Asks: 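Here it is: the structure, laid out below.
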There are 2 protein chains.
Amino acid sequence: MHGEVNKRRKNRRPTMVDVAREAGVALRTVSRVVNDDATVGSELAKRVHDAIAALDYRPDERARHLRLGVTGTLGAAVRQLSHVNPVLRAVERAARAADLMVLAASTEDDERLERRVVESMCRRRFDGIVLEPIGADHGYLLPELAAGLSLVAVDRPVLGLEVDCVISDNMAGIQAAYGHLTAHGHRRIAYIGDDERIFTAQERASAFRASVAGAGGGLDGMVHTGPIEPGRIARALTTARAGGATAVITGNATISVEVVRGSDDRRMAIVGFDDSELATLLRPDLTVVAQDDQAIGATAIDLLRSRIADHGRPVTRVTVPVELLARGSGEQPPP
Amino acid sequence: MHGEVNKRRKNRRPTMVDVAREAGVALRTVSRVVNDDATVGSELAKRVHDAIAALDYRPDERARHLRLGVTGTLGAAVRQLSHVNPVLRAVERAARAADLMVLAASTEDDERLERRVVESMCRRRFDGIVLEPIGADHGYLLPELAAGLSLVAVDRPVLGLEVDCVISDNMAGIQAAYGHLTAHGHRRIAYIGDDERIFTAQERASAFRASVAGAGGGLDGMVHTGPIEPGRIARALTTARAGGATAVITGNATISVEVVRGSDDRRMAIVGFDDSELATLLRPDLTVVAQDDQAIGATAIDLLRSRIADHGRPVTRVTVPVELLARGSGEQPPP
DNA sequence: CTGAAAGCGCTAACAG
DNA sequence: CTGTTAGCGCTTTCAG
């Protein structure tokens, strides 16, 4: 007799309508209870909760978000999820504090994947996106921004586009490292860094050159940038030593490790860029220029929220101070 | 005259209707073009694409997913996004190969946060969730599973619940490590591991005890489990050495690091559980029992997809083989 | 291919 | 508080 009704109920997740029927209340009331609106009597609320439990009802956020227009969700598109990334951790914390959910995905340093990820988050109507932009062309972001995307770049700017961003003060960090080493008596200091096509690598290398120039020193054989390969780094070290270098500044944590591994027992003072768990594993412990990850993450979320609130506000670029942590490797005097 | 129309168009994202109007085609046709259905003429398709570009139209997946019932999205709830996690990387890759998007969030080893994250993903109607379950009570999962959640646990099972899972063969790994050390002449071997309330730690410690018992050895002073604290680990090492141990098996990568740091110049053979970037940084390089991260991730996605396809299929638990990688630290003979 | 219309599950406006 | 209803933006059925 009621075959049709039964068929429709079979294998279907319960909706608010089902809950309302089960509890014998109006749909409106269920909606209120689910969004815990205070204006509903506790007796009715209980009936609704019982019905929800009885039916295993789960509200569908897709519908809710569609209706509301916002999703309460932030995307994080980072180079590699499964790598150490203190900034991402800070981003998650700050977002949680603002009652926003962060959902993250890897771009794997692949332009096309970055694009797929970001566009996917846009189509899902995430309220905003935290992006660790990779290399080249970000033109695809233009229509997204025009269509209302709120975006903040961390670690590096989105080149050629007016986008909020928060980056570390790379220049001050290199200056601090350089000054620290000269204060400990070093006169010939080398720099070994990442490929200068990477924004931070370029900034740091430039800052190093400027520091040397400011001190009236020579650069020959002292600046080595390129891909992170043990062979290249070993050769760079050899060249630097041959040129009289007694100390070295490294461009990032991976390079620090390679340099420490390559310099073995021979004494060179080292100041590394970026702190890492490895820093205190080495002997002597590694003196580093550390980013303020907490500040970067919190600032990124602040910028994103204010951009979401006012899509027209002027573009902001924040530079976060870095800190030199003296731990031993940077305080060795020249031989 | 057309004031109302203008008002409605202001500050609103364009929809398919707008695109259809702009292109002078039917809504239906736009939908086809967007989902690149081949049955639409190339001339019309171009008109539609032009209209999309002109209006900066972005399809709204929320609506699409609501209508379709599925989201093409998998969630990954892991202990800490910003930690090295090769399994998560494998999960992302495998999902991409299946044209599914993975969105990840951290549970920070916090039960309540895990619950918030998982429930949030459920309400967003993710097609499935990959979970690295933490400690205690997973009762909250019961109604979600009843409501249709597809879930796969990685690294450890969801205790007390019938849920698909894929874990490493911890027992075989410990046996391999133990056999490797005895083959190199060691007769007294110690084990230093994590807190046994953690599933993997418990499994590994048990396997170690079984190995020793099988070899007819004694356990006194040879098994040390507990929290990961440098002090505890140093004391454990001292006790083990005093008891005549000439080799040590460690319960995870962090403990390996502490043990290497603590054993310094004195010679002890070491086999570590879990590979890590540090393993080849140490001297001698660390011999490890390595998980097959790729297989774990791929299997997790397989299980999840088959669970999504058939929610009623029997629960499956997969144990993935581990591999012993001899690198030097585990091949040192007893003094 | 077009045009019209139903429906996904929710929120919110409206009149009782 | 209840009951009804429109509508979020999309897919899809149905008749032309």
Side-chain angles (χ1 to χ4, degrees), chain A residues 4 7-9 11-48 51-52 55-72 122-127 147-148, chain B residues 4 7-9 11-48 51-52 55-72 122-127 147-148:
Chain A
E4 263 199 340
K7 214 181 291 170
R8 290 183 58 198
R9 286 191 56 81
N11 269 345
R12 226 193 67 237
R13 296 182 85 120
T15 77
M16 264 192 183
V17 183
D18 301 313
V19 175
R21 192 187 314 120
E22 172 83 12
V25 301
L27 172 59
R28 180 77 206 278
T29 310
V30 178
S31 175
R32 277 188 170 141
V33 170
V34 167
N35 301 300
D36 37 42
D37 184 323
T39 71
V40 62
S42 60
E43 200 271 331
L44 275 195
K46 185 181 169 348
R47 287 227 312 267
V48 172
I52 288 174
L55 296 178
D56 280 328
Y57 166 74
R58 309 281 116 177
D60 187 330
E61 295 270 0
R62 292 172 300 187
R64 183 160 194 272
H65 293 160
L66 180 58
R67 185 60 232 247
L68 254 37
V70 296
T71 56
C122 287
R123 284 195 307 267
R124 284 174 167 79
R125 293 294 188 271
F126 284 7
D127 293 342
Chain B
E4 263 196 340
K7 214 182 289 171
R8 291 182 57 197
R9 289 190 55 82
N11 269 346
R12 226 192 69 237
R13 294 180 86 118
T15 78
M16 263 192 185
V17 185
D18 301 313
V19 176
R21 193 188 312 119
E22 173 82 13
V25 302
L27 173 60
R28 180 76 205 278
T29 309
V30 178
S31 176
R32 279 192 168 136
V33 170
V34 166
N35 300 299
D36 38 42
D37 184 322
T39 72
V40 60
S42 59
E43 200 271 332
L44 275 195
K46 185 180 171 351
R47 287 231 308 269
V48 172
I52 288 175
L55 297 177
D56 280 327
Y57 166 75
R58 309 281 115 176
D60 186 330
E61 295 270 0
R62 293 172 300 188
R64 182 160 196 273
H65 293 160
L66 179 59
R67 183 61 231 249
L68 254 37
V70 296
T71 56
C122 287
R123 284 196 305 269
R124 284 174 165 78
R125 293 295 188 269
F126 285 7
D127 294 342

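What you see is a predicted model, and the numbers here were worked out from it, not measured in a lab. Sequence lines set the chain letters: A, B, ... in the order given, protein chains first and strands last, and positions in each chain run from 1.
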Asks: Do you know the tightest heavy-atom contact between A:Asp60 and B:Leu66?
Replies: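 Taking A:Asp60 first and B:Leu66 second, the nearest heavy atoms are OD2-CD1, 4.1 Å.
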
Asks: Closer than 3.5 angstrom, by distance alone: can the side chain of A:Arg125 be matched with the main-chain N or O of A:Gly69 as a donor-acceptor pair?
Replies: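 Not at all, since once roles are kept as given, no pair shorter than 3.5 Å links the two residues.
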
Asks: Examine distances only and state if a side-chain atom of B:Arg47 and a backbone atom of B:Ala23 form a donor-acceptor pair shorter than 3.5 Å.
Replies: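 Yes, because the side chain of B:Arg47 sits within donor-acceptor range (under 3.5 Å) of the backbone of B:Ala23.
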
Asks: List in chain and number order the residues that pass side chain to side chain donor-acceptor pair (under 3.5 Å) with A:Arg64, two or more places apart in sequence or in another chain; answer none if no residue qualifies.
Replies: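 If we apply the side chain to side chain donor-acceptor pair (under 3.5 Å) test to A:Arg64, skipping adjacent residues, the hits are A:Asn35.
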
Asks: Would you kindly give the CG-to-P distance between B:Leu66 and D:dG9, to the nearest whole Å?
Replies: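 The answer, rounded to whole Å, is 12 Å.
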
Asks: Detail all sub-3.5 Å separations between protein N/O atoms and N/O atoms belonging to nucleotides 10-14 of chain D.
Replies:
{"from": "D:dC10", "atom 1": "OP1", "to": "B:Tyr57", "atom 2": "OH", "distance (Å)": "2.5"}
{"from": "D:dC10", "atom 1": "OP1", "to": "B:Asp60", "atom 2": "N", "distance (Å)": "3.0"}
{"from": "D:dC10", "atom 1": "OP2", "to": "B:Met16", "atom 2": "N", "distance (Å)": "2.7"}
{"from": "D:dT11", "atom 1": "OP1", "to": "B:Asn35", "atom 2": "OD1", "distance (Å)": "3.3"}
{"from": "D:dT11", "atom 1": "OP1", "to": "B:Asn35", "atom 2": "ND2", "distance (Å)": "3.0"}
{"from": "D:dT11", "atom 1": "OP1", "to": "B:Arg64", "atom 2": "NE", "distance (Å)": "2.8"}
{"from": "D:dT11", "atom 1": "OP2", "to": "B:Ser31", "atom 2": "OG", "distance (Å)": "2.9"}
{"from": "D:dT11", "atom 1": "O2", "to": "B:Arg67", "atom 2": "NH1", "distance (Å)": "2.2"}

Asks: Would you kindly give the NE2-to-C1' distance between A:His65 and C:dC8, to the nearest whole Å?
Replies: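 That distance rounds to 16 Å.
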
Asks: Measuring only between side-chain heavy atoms, which start at C-beta, is A:Val30 closer than 4.5 Å to A:Val33?
Replies: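 Not in contact.
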
Asks: Distance check needed: C:dC10 C1' versus A:Asp18 CG, whole Å only.
Replies: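 For the pair A:Asp18 CG and C:dC10 C1', the rounded distance is 13 Å.
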
Asks: Report the residues that fulfil side chain to side chain donor-acceptor pair (under 3.5 Å) with A:Glu22, sequence neighbours left out, ordered by chain and then residue number.
Replies: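 Counting only residues at least two positions away or on another chain, A:Glu22 forms no side chain to side chain donor-acceptor pair (under 3.5 Å).
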
Asks: Rounded to the nearest angstrom, tell me the gap between atom CZ in B:Arg123 and atom P in C:dC8.
Replies: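 After rounding, the reported distance stands at 22 Å.
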
